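Working notes, structure below.
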Amino acid sequence: MNIFRFAGDMMHLTSILVLLLKIYATKSCSGISLKTQELYALVFLARYLDLFTDFISVYNTIMKLVFIVSSTAIVWCMKRDRVVRRSYDKQLDTFRHYFLLAASFALALLVNEKFTFQEIFWAFSIYLEAVAILPQLVLLQRSGNVDNLTGQYVFFLGAYRAFYILNWIYRYFTETHFSRWIACISGLVQTALYADFFYYYYISWKNNTKLKLPA
Amino acid sequence: EPEPKIHDEL
């Protein structure tokens, strides 16, 4: 464990807590893409298949459980909770995310660490996570002004993978036999997708104006 | 032969 990875995990956790706060405090999921939340739930379920077979540390196991439970709870809440689901922007959340699923799985069959069930699903989760934010970013562009909590949610979600890139650079220089090309390249793509969001987020923070993504 | 890599990251 290094400071970059720990900071990244804490930012990831923060993004989930901010999203939970938004949904439970405002009893609304307006501006949140259900499709992105479904993709994230799949990412965690596909990535943590080794939850009960490979014990790494208490921290690792607890965080995996937190990510799986929180992501499925958010999807459940946006679909089933009578009050919350009324505020879901169904007509705006129209990104065809099944293409992202199919493309990620196809790529995982071709490019993986080892052609085993667990490794294919691990690579699938890595590729899917890189593109999972797309429905959310498209929804933000369509829904015009973005409320603070939603903006903070996306910001922390983007920042966490940027810290993971620092973690991979650090591990590359400090550990022998360290190579995580699949995660690293995918992480670079993932962070790059947030580039324009980060730019408009910084502008809104600097000018102290409402965050607005150009359509 | 490097040891089989387990995914120790989240």
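All values below come from the heavy atoms of this structure, side chains included, with hydrogens, waters and symmetry mates left out. Treat the numbers as computed from the prediction; the structure is a model and nothing was measured. Note on naming: letters A, B, ... go to the chains in the order of the sequence lines (proteins, then strands), and numbering restarts at 1 for each one.
- By the neighbour-count criterion of 12 heavy atoms within 6.0 Å, atom CZ of A:F55 is densely surrounded, having more than that number from other residues, nucleotides or ligands.
- Among A:F44, A:F67, A:Y164, the residue with the largest count of heavy-atom pairs under 4.5 Å with chain B is A:Y164.
- In this structure, CG in B:L10 is found 10.0 Å from CG in A:L13, a value given to the nearest 0.5 Å.
- Crowding of A:F198 atom CZ: a count of heavy atoms from other residues, nucleotides or ligands under 6.0 Å exceeding 12.
- Heavy atoms of other residues, nucleotides or ligands lying less than 6.0 angstrom from NZ of A:K79 number 12 at most.
- B:H7 and A:E119 form a side-chain donor-acceptor contact under 3.5 Å, judged by distance and modelled atom types alone.
- The residue among A:D54, A:D50, A:N60 with the most heavy atom pairs within less than 4.5 Å of chain B is A:N60.
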Test salt bridge (Lys or Arg N to Asp or Glu O under 4.0 Å) on B:E9 and A:R47; report intermediate values, then the result. CA-CA 10 Å; B:E9 297 180 343; A:R47 186 172 304 173; over 6 Å; no

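- Here the CD1-CD distance, from B:I6 to A:Q118, works out to 10.0 Å after rounding to the nearest 0.5 Å.
- Crowding of A:Y59 atom OH: a count of heavy atoms from other residues, nucleotides or ligands under 6.0 Å exceeding 12.
- Atom OH of A:Y202 sits in a sparse spot, with 12 or fewer heavy atoms from other residues, nucleotides or ligands closer than 6.0 Å.
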